[in-house]
Amino acid sequence: MCSSDLYYTHECDYTPGLATKLNSKSATKICVSYNETISRFSSEIQNKCVVTGNPVRPVFYKENIQIGLNFLGVPLIHAKPLLLIQGGSLGAKQINTLIVENLSWLKEKFIVVHQMGEAFAKEHPELFESADENYKPFDFIHSQMPDVLHACDVVISRSGANSIWECAVCAKPMILIPLVGNGTRGDQLDNAKYFEERGAAIVLAGEEANAENLKNALTLFLQASNRKNYSEHCKELSQGKMPASTIAQMILEGCKK
């Protein structure tokens, strides 16, 4: 049975948030997702830090490409790369607007899977009327997301901890458009830059998220060799580990002491 004063905290982002800073003072162990995060704590607290990675649901470790393609209505052999846009559960207006404004170009180069979020979907019902073999619009993809993610070749996304690590586990090249400015402490930008510096993603932040830069980044990923290179770097970051199991084992061992 665990002692009442034994507890653990986990930081999913590259930089510690307020909750982690408060918890770290009395926590038994501080689980972090990145080695570099440890240096953000004081020396006495660093000794309590353990690099575990960021937990991702086990279903993301199971590759079911055919199931994902069947859900999307895309044949196994398709001439264009499959591009997944994750516009958020409610709708990331910056990403969605950029996609809609450049949709004709995107459809020429890719099969576009556009998860736009429920709010944006309600505002733009016409997008669903334009669905065809090169454009697959969704308000939200629920339980099918792991299979869809495995089936896709490139992902455009925000860079929240869960989304970015799900893509890493699935070894997907990413174009990350982090949330910046008012209303954020900069955690998404820090996460995105970490992946970019390690060759796993291209980051378009703030005013950089424009049509020209988006097309340049996606043109790079039209080459299978470039996609493979970024994919390999994603694999190196995730290392095939299951952080949830590592954390659970740590807690169990702590309870036995």
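- Using a cut-off of 4.0 Å between Lys/Arg side-chain N and Asp/Glu carboxylate O, D153 and K172 are scored as not salt-bridged.
- Put simply, the side chain of N64 never gets that close to the backbone of I67: no donor and acceptor are under 3.5 Å apart.
- Residues M174 and V180 fall into different hydrophobic clusters, defined by Ile, Leu, Val, Met, Phe, Trp and Tyr side chains chained together at heavy-atom separations under 4.5 Å.
- When atom types are taken as modelled, the side chain of K48 and the backbone of A27 share a donor-acceptor pair closer than 3.5 angstrom.
- A distance-only check finds no donor-acceptor pair linking the side chain of Q115 to the backbone of F138 [under 3.5 Å].
- In this structure, a donor-acceptor pair under 3.5 Å is present between the side chains of N96 and H114.
- At least one donor-acceptor pair under 3.5 Å links the side chain of T97 to the backbone N or O of K93.
- Side-chain atoms of D132 come within 3.5 Å of backbone atoms of Y135 as a donor-acceptor pair (strictly under, hydrogens ignored).
- Within a 6.0 Å sphere centred on CD of E197, heavy atoms belonging to other residues, nucleotides or ligands number more than 12.
- With hydrogens and angles disregarded, no donor-acceptor distance shorter than 3.5 Å links the side chain of S231 to the backbone of P173.
- Here the CG-CG distance, from L18 to N23, works out to 9.0 Å after rounding to the nearest 0.5 Å.
- D13 places no side-chain N or O within donor-acceptor distance of the main-chain N or O of T15, the cut-off being under 3.5 Å.
- Between the side chain of H233 and the backbone N or O of Y230 there is no donor-acceptor pair closer than 3.5 Å.
- Between the side chain of T52 and the main chain of S33, no donor-acceptor pair closer than 3.5 Å is present.
- Side chain of Y34 to backbone of N191: no donor-acceptor contact under 3.5 angstrom is found.
- For residues 169-188, no residue pair satisfies the ring pair (Phe, Tyr, Trp, His ring centres under 6.0 Å) rule, not counting sequence neighbours.
- For residues 32-47, every residue pair satisfying the salt bridge (charged side-chain N to carboxylate O under 4.0 Å, His left out) rule, not counting sequence neighbours, is listed here: E36-R198.
- Ring geometry for Y194 versus Y14: interplanar angle of 30 to 60°, hence tilted.
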